[in-house]
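Here is how names work: the chains are called A, B, and so on, in the same order as the sequence lines, proteins then strands, and each is numbered from 1.
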4 protein chains.
Amino acid sequence: MRTQVDSPVRERVMRAAISLFAAKGFATTSIREIADAAGVTKGGVYHYFESKDDLLFEVHTRMLRMQTSRMHTIADDDTPLPDRLHAIIADVVETTIANLDEAVVFFQSVHLLAADRQAQVRAERRAYHSRVRDLVAEGQASGVFRGDVPADLVVHYHFGAIHRLGLWYHADGPMTAEQVGVYFADMTLASLRP
Amino acid sequence: MRTQVDSPVRERVMRAAISLFAAKGFATTSIREIADAAGVTKGGVYHYFESKDDLLFEVHTRMLRMQTSRMHTIADDDTPLPDRLHAIIADVVETTIANLDEAVVFFQSVHLLAADRQAQVRAERRAYHSRVRDLVAEGQASGVFRGDVPADLVVHYHFGAIHRLGLWYHADGPMTAEQVGVYFADMTLASLRP
Amino acid sequence: MRTQVDSPVRERVMRAAISLFAAKGFATTSIREIADAAGVTKGGVYHYFESKDDLLFEVHTRMLRMQTSRMHTIADDDTPLPDRLHAIIADVVETTIANLDEAVVFFQSVHLLAADRQAQVRAERRAYHSRVRDLVAEGQASGVFRGDVPADLVVHYHFGAIHRLGLWYHADGPMTAEQVGVYFADMTLASLRP
Amino acid sequence: MRTQVDSPVRERVMRAAISLFAAKGFATTSIREIADAAGVTKGGVYHYFESKDDLLFEVHTRMLRMQTSRMHTIADDDTPLPDRLHAIIADVVETTIANLDEAVVFFQSVHLLAADRQAQVRAERRAYHSRVRDLVAEGQASGVFRGDVPADLVVHYHFGAIHRLGLWYHADGPMTAEQVGVYFADMTLASLRP
DNA sequence: AATGAATGAGGCTTCATTCAT
DNA sequence: CATGAATGAAGCCTCATTCAT
């Protein structure tokens, strides 16, 4: 009775959902559209996912898991703190661009998740934020970063910029993901110079 | 035939709509909910607005008109360019915070507008972006700003941060709108230092 | 925004629902069937009732209100107790037959009501049962009824018979409602003779 | 090809179905729920039963076969007629209580059977009713029962009471099945005294 | 003997909108 | 001005059933 979690059909449905959610918004996308795009019947979608909310939730957990783990890995390095912050930003920009549809959904649709899952996702996002803020605060305490700006606001500021990436970046534009990552990280560090 | 634009009832409906759109999303808010929140019947809503899309469109035109005109006023000043950029950012942050619900809707829901109006709003937004980008480029050309970062990306970056304001700022938090405005503007300029 | 509680259309919908619920069962009757039978669209049904459960609930409250109030009125008389019990039974049989469809639904579909309403209806039904049982117990205490049968069981027995009326009685059969009422009441009293 | 009728798995499925049908109603119970409750997959259910209706039908045939045969056995005795009627009632009450879930389904869900089978079950039930009615009529003709009440109505009355048993009797209540059987039978006979 | 995949029909409900009054 | 009635389309979801393995 348990359903394959990694069936190719399931993955096709998930892909179709992500792409449509990103393009037209979660609430405006119907299960029928997802089914059509995935080449399945509506019932087929429900064979692999219990509800529309499930689809949305899975986008969030995937992204959260990935980005959180990568960030922590870098943050735990023993390189100099500014290098770590730089690397974190460059990396999150790159993975965001590498999964642009997912990212759009992830950063625009938390408020459409069912209440309990929304709370869960928000909590994990706050944890992410906290970890980065602590890095900033640490740098401020040690003097490598300017200390006259609240660390929380610093994080909101620079990650806010990242969260909007999906709304303007295009793969066929003039910049690669890597370039954008470096630019972003550079600007962050520049604005933190004491 | 059309009622005066500032009829208190009309305004109440608009307010209710903005608040609900910001809280739960445009697509997830029903006319019924708006009517209830405004203390009107559904028919009442349709008396003042032709469609649900009308409500959304008006949020966008209000914000666009206001923010565009303020930005241009400042940009046209004859003070030094960095001061003008600083003022523009501080001001847009303040007006964004002063109209936080509207801003949330404005920055999150363009893609839900009817096609033609969406195109119109996007075009005006691009014009806003262009004007600011030209300011940055001008500064880069004259050497007051560092020139190694594409001006377009600079604008996307710093305005991206502003567009996320509504998702974390709270009026009862530790910072006033003015403070946030100055912090943001400071960080922008810091990151542009040659 | 409030809807007429006594609109003729509303009543037509209610009638159609009762008749269909009685004929094919609540769960097996679709809103579309009700709408068709009432000459309304599906949306029309929802204009007057919030949910399918609402329709079912209203059948229950109508019957409960009516039968409870009639029973209490008779029970409060100051005629001899056996006469009162006789009158109660004859009356409930008559009103049951007079509203046979409603009665069928009422006696067969409590378990399909939404949980909270089901609890409410069951509670009120228990109160009805209690009142009648107290009458029986009183008669047993005073010696006008035989005392060797638990009063609760007596009530379950004789009202059980009444609750099945709708499953066999036909208006075009050989007996009038009044006749059945008297027969039933006679048998009840006969079986209680000391 | 068909598996032995008493395969433990088959029986487990049947038990689960009966219990769920009794608790929530036939139409409201899904094959999925039955499968889960029986610890089988949906396919498993279909391995033993051709359709959902099959399950319901089997409940009916089981009960019918059992109760009809027991009733006839007693009715064919050569003991005095009132004793036979008393024994029939006491016995049907006991077997009803002994199979309470099945009884609930049996007495509440005929109308949900497929048309042809429903006709068949109803016919057999009528035959049961007829036989008992004939006993009553015989007693009335011979003067051991009062003759002023139609025999059909007498049977509807007293068996109606029995058919509601499942809706109030609880195994952990104050009365055993045997006690209830005797009480019921006593009341029936008392109400028939000339 | 048993299962997981897949389907297609249908169910309940919501909702933007129109309209007569 | 404003309302309640009414509609029709669409949405999410459930489910009995079939089938290949």
Exercise for the section: Return the value, rounded to whole Å, for the distance between atom CG of C:Asp53 and atom P of E:dG11. Expected result: 18 Å
Handout entry: Point-to-point distance, once rounded to the nearest 0.5 Å, from CE of D:Met66 to CD of D:Glu102
Key = 6.5 Å
Practice task
Give a yes or no on whether the backbone of C:Gly43 and the side-chain of C:His47 come within a donor-acceptor separation of less than 3.5 Å.
Solution key: no
Fill in the blank from the handout: D:Tyr48 OH to F:dT17 P, in whole Å, measures 19 Å
Problem - Contacts of type side-chain hydrogen bond (donor to acceptor under 3.5 Å, both in side chains), residue C:Arg122, not counting sequence neighbours - result: C:Gln118
Exercise for the section: Quickly work out the A:Glu50 CD to F:dC15 P distance and round it to whole Å. Expected result: 12 Å
Exercise for the section: Could you tell me the separation between the CZ atom of D:Arg10 and the C1' atom of E:dA2, rounded to a whole number of Å? Expected result: 16 Å
Handout entry: Protein-nucleotide distance (A:Lys52, atom NZ; F:dA10, atom C1'), rounded to Å
Key = 12 Å
Problem - Selection residues 19-29 of chain D - residue pairs positive for side-chain hydrogen bond (donor to acceptor under 3.5 Å, both in side chains), sequence neighbours left out - result: D:Lys24-D:Glu33
Problem - Main-chain N/O of C:Leu112 paired with C:Ser109 side-chain donor or acceptor, under 3.5 Å - result: no
Practice task
Let me know the distance between NE2 of C:His47 and P of F:dG4, rounded to the nearest Å.
Solution key: 9 Å
Exercise for the section: Using whole Å, report how far CZ of D:Arg12 lies from C1' of E:dA2. Expected result: 13 Å
Practice task
Take the protein atom OH of C:Tyr46 and the nucleotide atom P of E:dA16, then report the distance between them rounded to whole Å.
Solution key: 17 Å
Exercise for the section: Could you tell me which residues satisfy side-chain hydrogen bond (donor to acceptor under 3.5 Å, both in side chains) with D:Arg117, sequence neighbours excluded, listed by chain and number? Expected result: D:Asp53, D:Asp54
Practice task
For DNA chain F, write out the stems as range with range, using runs of 3 or more consecutive Watson-Crick or G-U pairs with both distances under 3.5 Å.
Solution key: E:2-21 with F:2-21
Fill in the blank from the handout: Exactly one candidate in C:Phe26, C:Phe106, C:Phe21 meets ring-ring contact (aromatic ring centres under 6.0 Å, His included) with C:His60; the answer is C:Phe106
Problem - Test salt bridge (Lys or Arg N to Asp or Glu O under 4.0 Å) applied to D:Arg126 - qualifying residues, sequence neighbours left out - result: none
Problem - Nucleic acid contacts of residues 20-44 of chain C, taken as heavy-atom distances under 4.0 Å to DNA chain E - result: C:Thr29, C:Ser30, C:Ile31, C:Lys42
